[in-house]
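Let me begin by presenting the structure, written as structure tokens, before commenting on it.
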Amino acid sequence: MVSAAAPALAATPLSPALGSVITGLDLGRCTDDARTMRALIDLLHQRGVLVIKGQNLSDADYVRFGRQWGRPLEFFIKEHRRQDHPEMIRINNDPATPPALRDGAVHWHSDGSYEAEPAAVTMLYGKEAPREGGETLFASTAAAFEALPAGRRMTLEGLVAIHELGAAPWIEGETPPDPNRPKRDMPRQRHPLVIRHPVTGRRALFTSGTACGIEGMDQEAAMALIHFLRAHITQRQFRISYKVLPGDIVLWDNYSTVHSATPVAYSDAEGERRLLYRISTKGMPALCRA
Ligand SMILES: [Fe+2]
């Protein structure tokens, strides 16, 4: 909950299940303001996705804002990293992009679910947006869990899933990444199928885009359950679509949501360019640990 002392944010829901849009806030003036930052953090934890409109931050201020949400990561594909700010990943549709590095996120996932410690919060800062396409889809894994019958929820709570990058079953509308996309040689990870948010305690399904087995369950039954849950999570009532526009900072909580990019044309023509800067964090915001 937002504490009584927190400043009121002008927030409008994107849908009943998730997402809020904030206007009238200049992050350049309040990145170091603990009360405003705590109100933003609490709102993200309640709503899963935040869109903060009309921002004009320097790169250094954006990284400082990013650090308020946890420890920023350095992404494993070095071609995507910015040399001057390695916490920032450049996402664009430059036609020179090799096929193996295109459309790597056009499938439902939460960030870093194939790691021992998945990402907590991810944010995109919009610099350029194409006139057509480039929407990001989000779905609430918390609302999807709460909509299941009580008996089903209890059964799921005891299960542990196995995660591996690129090994999950695909669902309708997803584009499997190019087989030559850079991979990480890393061990499979175990994560509970139902996770608890470390701050709010709210439960959510965690099949993400990398669950490829369930401990103690035969593989066919496990894949059928994972496929069912992924299709359940991405139903219309749990889902929103948002196109990141210039000046937007869009954040999502990887504990309670999954997201998917949508295909975008690779073009540097006027009105077709896309440029976003991504920061992804792990761990809890320092303000929540205080
Ligand atoms: Fe992602």
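Ligands are counted one by one from 1 in listed order, and the atoms in each one are counted from 1 as well.
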* Aromatic ring pairing Y62/F65, orientation class (parallel under 30°, perpendicular over 60°, tilted between) -> parallel

* Asked: Closer than 2.8 Å to the Fe ion (ligand 1), how many protein N/O/S atoms do you count?
  -> 3

* To do: For residues L124 and L251, determine if any side-chain heavy atom of one lies less than 4.5 Å from a side-chain heavy atom of the other.
  => no

* Asked: Under 6.0 Å between the ring centres of H232 and F238?
  -> yes

* Structure fact -> The residue among V121, L73, N254 that forms side-chain contact (heavy atoms from CB on, under 4.5 Å) with D111 is N254

* Asked: For F138, does its backbone N or O pair with a side-chain atom of R239 as donor and acceptor, under 3.5 Å?
  -> no

* Which residues share a ring-ring contact (aromatic ring centres under 6.0 Å, His included) with H197, sequence neighbours left out -> H45, Y255

